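Predicted, not measured: the structure shown is a model, and the values here were computed from it. Scope of the values below: all heavy atoms of this structure, side chains included, with no hydrogens, waters or symmetry mates. For ligands, and for the atoms within them, numbers begin at 1 and follow the listed sequence.
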Amino acid sequence: MNETPASAPPRIEANGLTKRFSGVTVVDGVSFLVEPGQILGLIGPNGAGKTTLFNLMSGVLKPDAGRLVVNGTEATGLPPHRLARLGLVRTFQLARELDKLTVLENVLLAAPANAGETLTGALFRPAATRRDERAATERAREVLALVSLSDHEAKLASNLSGGQKKLLEMARCLMAEADTILLDEIAAGVAPHLVDEIALLIQRLNREHGKTFVIIEHNIGFIRALASRVVVMATGRVLAEGSFAHVSANPAVVESYLGQAA
Ligand SMILES: Nc1ncnc2c1ncn2[C@@H]1O[C@H](COP(=O)(O)OP(=O)(O)O)[C@@H](O)[C@H]1O
Ligand SMILES: [Mg+2]
């Protein structure tokens, strides 16, 4: 169940988002809403601009035009850590440095307290810091239990399977305490049993923890099973929007995407 009051603003309001690379418009005036508690699927052929749109929504890239509002706050052009503070995060493939850390350390580093914590501040408040560390470790272990990685907390991240790394990416998002999580092809290249586990995890985080998701995915079964609403992009624009049944009955969607994907 989603506990957000009915009066809550949309989690994300994208209004005319536009991005050009060397004069080529790859995201072209994209507008849509993500409501609290929704799982929004974002689909479309390769090169449609989906990942670029995520980069605009997560602060990795600044839009050339358009606006982004996150949880009712103007957020256009904010960097990723500021968007995270507004409640919006995306998964990132684990950076190579993080490979050399344990699973637990990877999750701890994603704690919001780490952002803006200075070393000097930490040195002058040792007791408080130790208390904070204990609380953070406890929280990190809760998050690892949620994603079924408890048994692996002491492993180096580099020793996880591809699918387990995706679960760790998800754990880092949860540790950041975001209410909205953007997932870019989280099921790609993952063993089938782990794809099912990831789908169940998304469903549980949505229903029991009120998390809102936007998921880019080529696995159409995954989208059909999870998404309450689907946005279809092609050549930088929104081609269709609605329930999975609605968009999959749209001839333009079948022609540009679903025809090949099926
Ligand atoms: N940093 C970049 N510089 C130049 N072109 C880019 C850059 N990122 C993406 N593109 C181009 O933008 C288009 C959309 O790419 P992308 O957003 O990755 O699409 P999708 O995720 O839907 O496959 C593609 O033609 C891609 O080559
Ligand atoms: Mg992409």
Side-chain angles (χ1 to χ4, degrees), residues 12-34 38-68 70 75-80 83 88-96 162-163 165-167 169-170 172-173 180-190 194-195 198-199 202 212-224 226-227 229-242 244 247-248 250 252-262:
I12 304 173
E13 206 176 325
N15 204 329
L17 286 177
T18 298
K19 185 69 188 176
R20 300 179 197 97
F21 291 120
S22 327
V24 179
T25 306
V26 301
V27 175
D28 192 359
V30 168
S31 303
F32 60 91
L33 296 179
V34 183
Q38 207 166 43
I39 300 179
L40 184 88
L42 181 58
I43 63 173
N46 282 325
K50 305 180 298 296
T51 296
T52 304
L53 179 63
F54 262 23
N55 286 336
L56 296 176
M57 290 161 66
S58 58
V60 174
L61 291 172
K62 286 187 199 301
D64 293 310
R67 284 184 64 212
L68 179 71
V70 174
T76 315
L78 292 184
L83 286 165
L88 178 65
V89 292
R90 62 170 290 180
T91 55
F92 283 101
Q93 278 199 341
L94 298 177
R96 216 177 282 150
K165 282 184 183 171
K166 303 286 179 126
L167 291 170
E169 289 173 30
M170 190 92 101
R172 287 173 51 83
C173 285
T180 306
I181 300 174
L182 311 181
L183 303 174
D184 193 351
E185 300 197 31
I186 191 123
V190 172
L194 267 183
V195 171
I198 290 171
I202 292 170
T212 300
F213 287 91
V214 185
I215 53 182
I216 295 176
E217 197 51 71
H218 282 299
N219 182 332
I220 288 300
F222 197 85
I223 293 287
R224 186 196 288 123
L226 290 178
R229 191 168 179 79
V230 178
V231 169
V232 187
M233 275 183 83
T235 58
R237 298 185 180 190
V238 174
L239 181 65
E241 190 177 351
F244 184 85
V247 302
S248 57
N250 181 323
V253 174
V254 174
E255 189 183 337
S256 77
Y257 183 55
L258 290 177
Q260 295 110 294

Identity and separation of the nearest protein heavy atom to [atom]:
{"atom": "atom 19 (O) of ligand 1", "answer": "Gly49 N, 3.2 Å"}
{"atom": "atom 5 (N) of ligand 1", "answer": "Phe21 CD1, 3.3 Å"}
{"atom": "atom 18 (O) of ligand 1", "answer": "Thr51 CB, 3.7 Å"}
{"atom": "atom 14 (C) of ligand 1", "answer": "Gly47 O, 3.4 Å"}

Checking Arg90, Lys19, Lys50, Lys62 against Asn55 for side chain to side chain donor-acceptor pair (under 3.5 Å), the one that qualifies is Arg90
Could you check Arg172 against Thr91 for side-chain contact (heavy atoms from CB on, under 4.5 Å), going step by step and ending with a plain yes or no?
CA-CA 8 Å; Arg172 287 173 51 83; Thr91 55; over 6 Å; no
Ignoring hydrogens and geometry, is there a side-chain-to-backbone donor-acceptor pair from [X] to [Y] under 3.5 Å?
{"X": "Thr76", "Y": "Leu68", "value": "yes"}
{"X": "Glu217", "Y": "Gly41", "value": "no"}
{"X": "Ser58", "Y": "Val89", "value": "no"}

query: Taking 2.8 Å as the cut-off, does an N/O/S atom of Thr51 lie below it from the Mg ion (ligand 2)?
result: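 So Thr51 counts as coordinating the Mg ion (ligand 2), yes.
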Requested in this report: Identify, by atom number and element, the atoms of ligand 1 in contact range of Asn46, meaning under 4.0 Å from any of its heavy atoms.
Outcome: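 Taking each heavy atom of Asn46 in turn, ligand 1 has 23 (O) under 4.0 Å.
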The option among Val27, Asn55, Thr235, Thr52 carrying the non-hydrogen atom nearest to atom 17 (O) of ligand 1 is Thr52
Quiz item: Gly44 near ligand 1, heavy-atom distance under 4.0 Å?
Solution: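 Checking ligand 1 against Gly44, which is what was asked, there is no heavy-atom contact under 4.0 Å.
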Notebook entry, point to check: Which heavy atom in Ala199 sits nearest to a heavy atom in Phe222, and how many Å separate them?
Noted result: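 Closest approach of Ala199 to Phe222: CB-CE1, 3.7 Å.
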The answer for which part of Val26 has a heavy atom under 4.0 Å from ligand 1 is side chain
